[in-house]
Participant: 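Mind looking over this structure? Questions follow.
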Amino acid sequence: MSHLAIAAASLAAICWSGAASADDTAQAAKEGEASITVTATRAPLEIEDAPATVTVIDAEAIADGLVTDIRDLVRFEPGVTVRRAPARFGAALGTTGRAGNEDFNIRGIGGNRVLIQVDGIRAPQGFSFGAQDVGRGNAADVSLIKSVEILRGPASAFYGSDGLAGAISFTTSDPDDLIQPGENYGGLARAQYSSADDEFAETIAIAGAAGNFSAMLAYSRRDFSELDNTGSIDAEGPTRTTPNPQDGESNAFLGKLVWNNGNHRVRLTGEYLEREVFSDILSGRGPVFLFGPTPSWIVDSLTATDTTERTRASADWTWQADTEGDGLIDYAHVAAYYQDGNDTQFADEDRSPTGARPRPDRERLNTFDNRVYGAAADFRSSFNTGSIQHTLTFGGDVSWTKQEGLRDGVEPPFGETFPARAFPVTDFTLGGFFVGDAIEVGDGTFTLYPALRFDFYDLNPTDDPLLPTFTATGQDGSRLSPKVGAVLKLGGEVRIFGNYAQGFRAPTPTQVNNFFENLAFGYTSAPNPDLAPETSESFELGIRYASDDITLTLTGFVADYDNFISQEVISGTGTPADPSVFQFINLDSVTVNGIEAKASYQADNGFRARFAMALADGDVISPGSADASLSTIDPLNAVLGIGYRDPGDRFGAEFITTYNAQKPASETVGVCNTSDCFRPDEFFIFDATAFVRVAQQLTLRAGIFNIADKKYSYWSDVRGLAATSTITGAFTQPGRNASVSLSFQF
């Protein structure tokens with residue numbers, strides 16, 4: 001890793017980055033600026049001038065890539081992954097694959113440590129306890145998304161908690177995205193099929209305008225089965241490596257009403273997403289051995305139904321000055337919203353006894369709900385101090401969340417009763433105020449981006465009747481998160497950029513007041529009212545070349561994460577008289593460093609090429625223990641694409657090669673306890689996509705993925721799996737598969 005040490009040692013500069021206003025994203029898209037980011041500076045800015053590493057994926061790229069979910073979304077984005085393990089969970093024990101597309105991982109850090117927002121509104125948190133595992137992969141339906149921005153590095157200077165490692169910003173479509181200039185109505189209809197999970201998707205959106213008003217309605221429907229793999233053992237029981245059967249469906253609705261009057265705009269938005277997946281866990285059937293060689297019981301059937309719902313209503317007002325700098329304020333945006341997220345996981349297990357002792361069937365019903373009200377405001381002002389130009393941004397946001405979870409079912413374990421909770425119903429407040437500046441010197445030759453945010457949080461648990469023996473403790477705190485960055489332009493086409501940023505994540509209600517006990521089996525979970533927030537500190541240095549047809553970027557970074565929250569056994573021997581005590585504590589510090597490279601070429605004649613590569617390393621430092629490798633770091637991966645797009649946009653195609661290295665054994669130390677880890681072999685896979693405009697308003701797209709029918713697995717899916725495992729085939733990706741879509745725009 002000497003090359004990473006050299007890259008880390010060279011990081012001397014500093015950066016400012018922020019998360020985007022959804023309104024700015026909309027404005028940038030209307031202007032047709034495909035290379036515009038608002039996540040980097042909270043104001044529209046061309047990517048080549050950004051003081052941070054940002055990726056923008058627009059609606060056209062989503063459609064051309066035949067994207068069906070967030071995993072497809074980052075398919076060709078090195079350094080950003082989405083974990084998805086096969087569905088091999090149990091009713092009461094084991095959660096492998098239950099979260100589906102779990103979450104985004106940016107530079108080796110994921111989960112609730114990455115901010116996910118839709119139109120500037122936080123997606124609900126993920127949660128895992130016992131047999132329940134709630135992911136965050138269904139924050140938005142990609143068919144209703146206009147653009148996605150991916151910010152690498154801490155985003156807390158503008159959005160506070162959750163932006164510890166980065167930010168994912170989704171922006172949904174507006175009516176004027178569907179209505180051509182000079183027209184009064186417009187719309188889009190699309191049908192798509194993907195053989196990887198036998199998915200059929202249909203989307204329709206209609207928009208109209210009259211006077212100062214415009215409106216749109218959009219609906220997306222998906223029907224799908226289990227994700228295919230290249231496993232070969234098609235048997236019932238734990239030896240099975242072919243996928244367990246699944247049957248899923250989702251419905252997504254989006255509605256907007258917009259009033260425009262001169263410089264003012266008022267927008268009302270309603271959104272509803274619902275997803276249901278039925279699973280038949282054939283790998284969970286058969287005898288269960290708890291004590292010795294004799295089966296304790298037989299599992300005759302194990303099925304599950306998991307449902308996710310998210311409802312959102314929001315209102316926002318935007319004012320934009322005719323000319324920047326003419327008045328005190330150039331831009332104002334104020335928003336208020338309500339969001340309700342509900343996750344329900346139900347499992348039904350039919351059992352037969354192997355002896356005289358009865359083994360009744362059991363059911364498990366676990367829920368996790370987040371209801372939130374919030375408001376946000378941000379403003380921009382431009383002015384000069386002598387020859388120096390300033391673009392000042394300032395604002396704040398606050399949200400009030402009621403978070404609760406329920407554990408229920410039939411036949412609870414000995415020593416437990418249903419219904420129960422793993423934490424009390426909690427009112428959770430998050431808020432903060434920020435200010436930032438873009439200071440341009442020498443007509444933009446050098447720009448400095450300082451920013452500072454003050455955050456506060458408050459956890460206020462209720463006296464929960466389902467936890468009669470537990471007295472919960474509240475917690476509150478505050479944090480200052482600074483960021484500063486710089487961009488130096490050399491000769492008009494070369495830019496040197498750097499950034500320094502701090503991140504912050506408040507403890508969650510599920511961590512501060514986690515409580516559960518089964519003394520008969522010798523274990524308990526204790527709360528920790530003294531749990532400290534997680535923090536991060538990141539340095540990044542890069543050089544970027546941007547001309548009319550070529551862009552090149554090389555970036556090095558190092559990040560330190562402190563007070564990592566981890567659930568550990570802090571005392572006890574695991575007996576009824578001396579139970580093991582589990583508790584969330586600030587145990588680990590993590591260091592991540594790496595290098596990233598991106599390049600693209602687009603000729604006037606339509607020829608194009610792109611390349612991207614990411615390599616990182618990370619260590620976990622725990623007091624009293626030897627350093628261990630950070631298991632969530634992905635091995636070296638790279639993407640090369642070569643294609644052609646007709647200058648008239650009548651047809652185009654791209655051939656893409658993806659490479660993933662094998663995870664080095666030295667970087668898995670301590671990951672799989674006492675055994676060696678299963679490390680998938682390195683692999684190349686080849687994909688091809690194409691489109692043709694059949695008619696002026698009709699476009700046909702198609703793609704073939706894993707053309708060589710390669711058998712391969714991602715480290716992100718298998719991490720923690722022992723090298724001696726006999727079911728590694730269950731963690732493989734689909735073999736050769738295809739996707740096709742037909743879009744009609746009117």
Side-chain angles (χ1 to χ4, degrees), residues 90-95 112 124-134 290 342-347 349 360-371 400-429 457-477 506-533 565-587:
L93 296 171
T95 60
N112 290 329
Q125 292 180 332
F127 173 65
S128 181
F129 183 85
Q132 184 179 16
D133 195 4
V134 177
L290 293 182
N342 303 283
D343 285 273
T344 301
Q345 296 184 345
F346 174 78
E349 184 180 69
D361 300 339
R362 59 182 176 182
E363 297 177 356
R364 293 292 184 269
L365 175 65
N366 297 310
T367 65
F368 182 62
D369 300 332
N370 288 265
R371 291 180 297 278
W400 299 270
T401 301
K402 181 176 287 293
Q403 192 173 94
E404 61 181 297
L406 184 69
R407 303 176 66 249
D408 205 349
V410 175
E411 288 299 316
F414 178 75
E416 297 183 38
T417 59
F418 284 154
R421 299 193 195 276
F423 64 97
V425 176
T426 303
D427 294 320
F428 186 26
T429 302
Y457 68 94
D458 180 51
L459 281 75
N460 184 21
T462 64
D463 294 327
D464 200 312
L466 294 182
L467 295 170
T469 64
F470 173 60
T471 301
T473 304
Q475 187 193 91
D476 57 66
T508 67
T510 64
Q511 295 170 334
V512 173
N513 283 302
N514 186 266
F515 177 76
F516 176 79
E517 62 181 6
N518 190 322
L519 300 181
F521 281 90
Y523 60 90
T524 185
S525 181
N528 185 358
D530 298 321
L531 198 62
I565 296 174
S566 176
Q567 189 176 40
E568 302 290 334
V569 178
I570 61 171
S571 65
T573 58
T575 65
D578 185 26
S580 296
V581 178
F582 292 82
Q583 188 180 56
F584 284 98
I585 61 175
N586 298 109
L587 178 65

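Numbers for residues simply follow the sequence, beginning at 1.
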Participant: With the side chain counted from C-beta on, respond yes when Arg421 and Leu406 share a heavy-atom pair under 4.5 Å apart, and no when they do not.
Facilitator: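 Arg421 vs Leu406: side chains touch.
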
Participant: Name all residues meeting the ring-ring contact (aromatic ring centres under 6.0 Å, His included) criterion together with Phe584; count only those two or more places apart in sequence or in a different chain, and write none if there are none.
Facilitator: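 ring-ring contact (aromatic ring centres under 6.0 Å, His included) check on Phe584 returns nothing, list empty.
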
Participant: Would you say that Gln132 contacts Asp343 through its side chain, given a criterion of any heavy-atom pair below 4.5 Å between the two side chains?
Facilitator: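 The answer is no, as the side chains (C-beta and beyond) never meet within the 4.5 Å cut-off.
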
Participant: Rounded to the nearest 0.5 Å, how far apart are CH2 of Trp400 and CG of Asp458?
Facilitator: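 Rounded to the nearest 0.5 Å, the CH2-CG separation comes to 12.0 Å.
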
Participant: Closest approach of Gln511 and Leu531, non-hydrogen atoms and distance?
Facilitator: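 Answer, listing the atom of Gln511 first, then Leu531: CB-CD2, 3.7 Å.
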
Participant: When rounded to the nearest 0.5 angstrom, what distance separates CG in Asp463 from OG1 in Thr471?
Facilitator: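 Going from CG on Asp463 over to OG1 on Thr471, the span is 8.0 Å.
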
Participant: Could you tell me whether the side chain of Glu517 and the main chain of Tyr523 form a donor-acceptor pair under 3.5 Å?
Facilitator: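 No: the side chain of Glu517 does not pair with the backbone of Tyr523.
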
Participant: Between Pro413 and Arg364, which heavy-atom pair has the shortest distance, and what is it?
Facilitator: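 Result for this residue pair: CD-NH2, 3.5 Å.
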
Participant: With sequence neighbours excluded, tell me which residues meet side chain to side chain contact (heavy atoms under 4.5 Å, CB included) with Ser571.
Facilitator: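 Per chain and number, Ser571 pairs via side chain to side chain contact (heavy atoms under 4.5 Å, CB included) with Val581.
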
Participant: Could you check whether Glu416 and Asn518, counting side-chain N and O atoms only, form a donor-acceptor pair closer than 3.5 Å?
Facilitator: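 There is such a pair (donor and acceptor under 3.5 Å, judged by atom type) between the side chains of Asn518 and Glu416.
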
Participant: Minimum heavy-atom separation for Pro461 to Gly474, with atom names?
Facilitator: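 Minimum heavy-atom separation between Pro461 and Gly474: CD-CA, 3.6 Å.
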
Participant: Is there side-chain contact between Ser525 and Gln567, with at least one heavy-atom pair below 4.5 Å?
Facilitator: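 Ser525 vs Gln567: side chains touch.
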
Participant: Just by distance, with hydrogens left out, do Thr401 and Gln403 show a side-chain donor and acceptor under 3.5 Å apart?
Facilitator: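 The answer is no; no qualifying pair exists.
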
Participant: Are the side chains of Glu404 and Thr462 in touch, meaning some heavy atoms are under 4.5 Å apart?
Facilitator: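 Of all side-chain heavy-atom pairs linking Thr462 with Glu404, none is under 4.5 Å.
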
Participant: Check Ala131 against Gln345 and note the closest heavy-atom contact, atom names and distance.
Facilitator: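 So the two residues come closest at O-OE1, 4.2 Å.
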
Participant: Could you tell me whether the side chain of Gln475 and the main chain of Pro529 form a donor-acceptor pair under 3.5 Å?
Facilitator: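 Checked: pair present.
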
Participant: Yes or no on side chain to side chain contact (heavy atoms under 4.5 Å, CB included) for Leu466 and Arg407, after CA distance, side-chain angles and deciding distance?
Facilitator: CA-CA 10 Å; Leu466 294 182; Arg407 303 176 66 249; over 6 Å; no

Participant: I need the Leu519 CG to Thr575 OG1 distance, nearest 0.5 Å.
Facilitator: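 Rounded to the nearest 0.5 Å, the CG-OG1 separation comes to 10.5 Å.
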
Participant: Answer whether the closest heavy-atom distance between the side chains of Phe368 and Pro124 falls below 4.5 Å.
Facilitator: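 Phe368 vs Pro124: side chains apart.
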
Participant: Could you pull out all residues at least two apart from Phe129 that satisfy ring-ring contact (aromatic ring centres under 6.0 Å, His included)?
Facilitator: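 ring-ring contact (aromatic ring centres under 6.0 Å, His included) list for Phe129, sorted by chain: Phe516.
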
Participant: Would a distance-only check, ignoring hydrogens and angles, find a side-chain to backbone donor-acceptor pair under 3.5 Å from Glu363 to Phe346?
Facilitator: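 Answer holds: no.
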
Participant: Out of Phe515, Phe470, Phe428, Phe127, which one pairs with Phe423 under the ring-ring contact (aromatic ring centres under 6.0 Å, His included) rule?
Facilitator: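 Going through Phe515, Phe470, Phe428, Phe127 one by one, the ring-ring contact (aromatic ring centres under 6.0 Å, His included) with Phe423 is satisfied by Phe127 alone.
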
Participant: With side chain to side chain contact (heavy atoms under 4.5 Å, CB included) as the test, pick out the partner of Pro507 among Ile565, Asn528, Asn586, Asn513.
Facilitator: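 That would be Ile565; it is the only one of Ile565, Asn528, Asn586, Asn513 passing the side chain to side chain contact (heavy atoms under 4.5 Å, CB included) with Pro507.
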
Participant: Taking all non-hydrogen atoms of both residues, which atom of Gln583 and which atom of Ala526 are closest, and how far apart?
Facilitator: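 Nearest pair, atom of Gln583 first, then Ala526: CG-O, 3.5 Å.
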
Participant: With rounding to the nearest 0.5 angstrom, report the CZ to OG1 distance, Phe582 to Thr524.
Facilitator: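 That separation rounds to 9.5 Å.
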
Participant: Does Ile570, at its CD1 atom, have more than 12 non-hydrogen atoms belonging to other residues, nucleotides or ligands within less than 6.0 Å?
Facilitator: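 Atom CD1 in Ile570 is packed in, count exceeds 12.
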
Participant: For the CD atom of Glu568 and the OG atom of Ser580, what is their distance to the nearest 0.5 Å?
Facilitator: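 The OG atom of Ser580 is 12.5 Å from CD of Glu568, to the nearest 0.5 Å.
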
Participant: Report, as yes or no, whether the 6.0 Å neighbourhood of atom CG on Asp578 holds more than 12 heavy atoms from other residues, nucleotides or ligands.
Facilitator: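 Enclosed: over 12 neighbouring heavy atoms sit under 6.0 Å from CG of Asp578.
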
Participant: Quick one: are Thr344 and Leu365 in side-chain contact, heavy atoms under 4.5 Å?
Facilitator: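 Yes. Closest side-chain heavy atoms under 4.5 Å.
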
Participant: What's the shortest heavy-atom distance between Asn342 and Asp369, and which atoms?
Facilitator: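 Shortest heavy-atom separation between Asn342 and Asp369 comes out as OD1-OD1, 3.1 Å.
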
Participant: Before you tell me yes or no, could you show the steps for Lys402 and Val425 under side chain to side chain contact (heavy atoms under 4.5 Å, CB included), namely the whole-Å CA-CA distance, both residues' side-chain angles and the distance that decides it to 0.1 Å?
Facilitator: CA-CA 7 Å; Lys402 181 176 287 293; Val425 176; 4.0 Å; yes

